[in-house]
Trainee: 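Right, I'll just put the structure down here and ask away after.
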Amino acid sequence: MLIGPYSGIDLQTLIMVALLFVVAESISTSVGSGGKAGMSPSSAVSLAAVVLVGPVGAALVGFASCFAVRRLAAVKRAFNGAQFALAAFAAGHVYLLCGGVVGGLGEADFPAVVLPYIAAVLTHSAVNSLLVGVLFWTLGQARPRGRGRFNWRPLVAVELSSMGYQMLGLAIAAVWDGVGIVAPLLVLLPLFIARWAFAQQADEARAHEATLATLCQAVETKDYYTRGHCMRVAEGSAMIARELGMSAERVQKIRYAGMLHDIGKLGVPTKVLQKTGKLTDEEYAAIKLHPTRGYEIVREIGFLDEALAGIRHHHERLDGRGYPMGLVGMEIPESARIISVADVFDCLTSTRSYRKAWSVEDAIVELRACAGTQFDPRMVEALVRAVEREGWETPDIAEPPGGCYGSAAAEAASAEDGAAGGTGPGTAPAAVPAEQGTAPVEGAAPTTALPTGTATGGRDR
């Protein structure tokens, strides 16, 4: 902006466009988890400024973002202003280099102006993405996970939506000479209405999320070692669904199912869930009822839809030896097959009251060993690919007050179960039919030879 030049810029047009930009920037819509990023129609005004007042004028308009009527710290306002100014300045020069004309557009300027304008849009998005990406990296919001690859997805989603707004800037510039400041209002008013509807929908989705998270907490208060389990299963299920190419709506429904898959454990006595020794026939029977109880608890929640089947059948096995209905193969709903894999994977990589966590690598080996008998191989490989790309954060669980993990009591219980041929902590899991009344659990060491099709998903398996 200091470099200039300012010759040829219509001051009245510059002021009106800058005011419009501030208004548009003040009504950004929160996007992404936690609402930490925002998107607004201001990008359309910024690109219209490129055409109407040129690179330097567009930079001034972009810098007006500093004055947006929002609760932002000074450093954030400064970054936003500089970000928009640099992106608009670069886009303006690319627009001119490609043969674009500055000022109000007439019929004679079309269609020749379309290609320069598209080049300006791409440049604006590229510079904006680069600046925001560097910012996210610096703040630790988009650090690489797993194999060291940058997590671009949230940024790409926002930029693609923003580019849709930017294309409307050409329409604003085209009618500016005819109706002046009314032009952007005519073009953007439908977008403002759509934005309001989108914001309402986003608020409703956040309310759903908060409600389900509360139900998760209710389950997890019964067992210290499963805290965070429901949310991790939800994330793992979503990773599998995305890897399989499911629509965003289905991914969300499956994520909901992952959050609530153990809601039926509210009906299981706490002493059974926290027991470190072998389960009795009655205790195992109580645990086997939790998928059906969970379904009964949440079946009237309308927005769950496909999630209900996942909650009810996530303990079914491909070989028909699961519960509650003993479904075989593809009879098991797809959502349930997804949750089953995510559930077991988190169980294996988490510390429990009866054994330490396995490594991610050993858990993957175990899942693959059970593919085809217990798990759908497609779901297993989808999880493996997602984990290799995005990584997996294992929970760091400390010993609870009065806990027995690693204590002499727990070790004695484990030894007693082992001597009796049971399936308590420290013993290799075995694929025990449901009617035998003992609950197989994960072994303490992944190197133990396991029978093909062994169930290793936790005490309720």
Side-chain angles (χ1 to χ4, degrees), residues 1 3-28 39-65 68 81 83-129 159-195:
M1 290 185 293
I3 294 174
Y6 289 91
S7 58
I9 297 178
D10 183 78
L11 183 60
Q12 182 179 357
T13 299
L14 178 63
I15 293 174
M16 288 194 297
V17 174
L19 288 174
L20 180 65
F21 182 88
V22 171
V23 172
E25 182 66 7
S26 299
I27 57 171
S28 66
M39 182 180 66
S40 74
S42 61
S43 55
V45 182
S46 180
L47 267 294
V50 165
V51 178
L52 294 172
V53 292
V56 177
L60 285 171
V61 170
F63 193 72
S65 173
Q83 167 197 354
F84 273 112
L86 289 170
F89 187 77
H93 279 290
V94 170
Y95 175 74
L96 293 178
L97 287 173
C98 293
V101 295
V102 175
L105 300 178
E107 184 177 353
D109 297 311
F110 288 90
V113 74
V114 174
L115 288 180
Y117 185 82
I118 291 176
V121 168
L122 295 176
T123 302
H124 191 281
S125 294
V127 174
N128 185 66
S129 297
E159 278 307 310
L160 288 176
S161 301
S162 181
M163 287 175 66
Y165 278 130
Q166 292 170 27
M167 291 303 299
L168 292 174
L170 187 59
I172 295 174
V175 298
W176 185 271
D177 277 351
V179 294
I181 198 170
V182 179
L185 298 180
L186 293 175
V187 175
L188 295 178
L189 182 59
L191 290 181
F192 292 156
I193 297 174
R195 173 221 167 265

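Residue indices begin at 1 and follow the sequence shown.
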Trainee: Does S42 offer a backbone N or O that forms a donor-acceptor pair with the side chain of S46 under 3.5 Å?
Mentor: no
Trainee: Can you name the closest pair of heavy atoms from A18 and A64 and give their distance?
Mentor: O-CB, 4.3 Å
Trainee: Write down the atom of A48, the atom of G169, and the distance for their closest heavy-atom approach.
Mentor: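 Heavy atoms of A48 and G169 come nearest at CB-O, 3.5 Å.
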Trainee: Please round to the nearest 0.5 Å and tell me the distance separating atom CG of L20 and atom CD of E25.
Mentor: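 Output value for this atom pair is 11.5 Å.
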Trainee: If I take atom CD1 from residue I172 and atom CG from residue L105, how far apart are they, to the nearest 0.5 angstrom?
Mentor: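 The distance works out to 12.0 Å.
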Trainee: For the residue pair P116 and G99, what are the closest heavy atoms and their distance?
Mentor: CG-C, 4.1 Å
Trainee: Relative to the ring of F21, is the ring of F84 parallel (under 30°), tilted (30 to 60°) or perpendicular (over 60°)?
Mentor: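 Perpendicular.
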Trainee: If you take all heavy atoms of P5 and V56, which pair is closest and at what distance?
Mentor: O-CG2, 3.7 Å
Trainee: I need the minimum non-hydrogen distance between A120 and A91, along with the two atoms involved.
Mentor: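 Where A120 meets A91 most closely, the heavy atoms are O-CB, 3.3 Å.
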Trainee: Could I get the full list of ring pair (Phe, Tyr, Trp, His ring centres under 6.0 Å) partners for Y117, not counting sequence neighbours?
Mentor: none
Trainee: Would you give the length of the straight line joining atom CG of L86 to atom CE of M1, rounded to the nearest 0.5 angstrom?
Mentor: 8.5 Å
Trainee: Which pair of heavy atoms, one from A173 and one from V51, lies closest together, and at what distance?
Mentor: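 That closest heavy-atom pairing would be CB-CG1, 3.7 Å.
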Trainee: Going by side-chain contact (heavy atoms from CB on, under 4.5 Å), L170 matches just one of L47, V113, V50. Which one?
Mentor: V113
Trainee: Got a sec, which pairs hit ring pair (Phe, Tyr, Trp, His ring centres under 6.0 Å) with one end in residues 89-112, sequence neighbours left out?
Mentor: F89-H93
Trainee: Are V127 and Q83 close enough that some pair of their side-chain heavy atoms sits under 4.5 Å apart?
Mentor: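 No. Closest side-chain heavy atoms not under 4.5 Å.
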Trainee: With rounding to the nearest 0.5 Å, note down the distance linking CD in Q166 to OG1 in T123.
Mentor: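 Here the rounded value is 10.0 Å.
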Trainee: Given the rule in the side chain to side chain contact (heavy atoms under 4.5 Å, CB included) test, do W176 and T13 qualify, once you have shown the distances and angles that lead to the verdict?
Mentor: CA-CA 9 Å; W176 185 271; T13 299; 3.8 Å; yes
Trainee: Do the side chains of L14 and V61 get nearer than 4.5 Å, heavy atoms only?
Mentor: yes
Trainee: I'd like to check the side chain to side chain donor-acceptor pair (under 3.5 Å) partners of D109; sequence neighbours left out, ordered by chain and number.
Mentor: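 Per chain and number, D109 pairs via side chain to side chain donor-acceptor pair (under 3.5 Å) with no residue.
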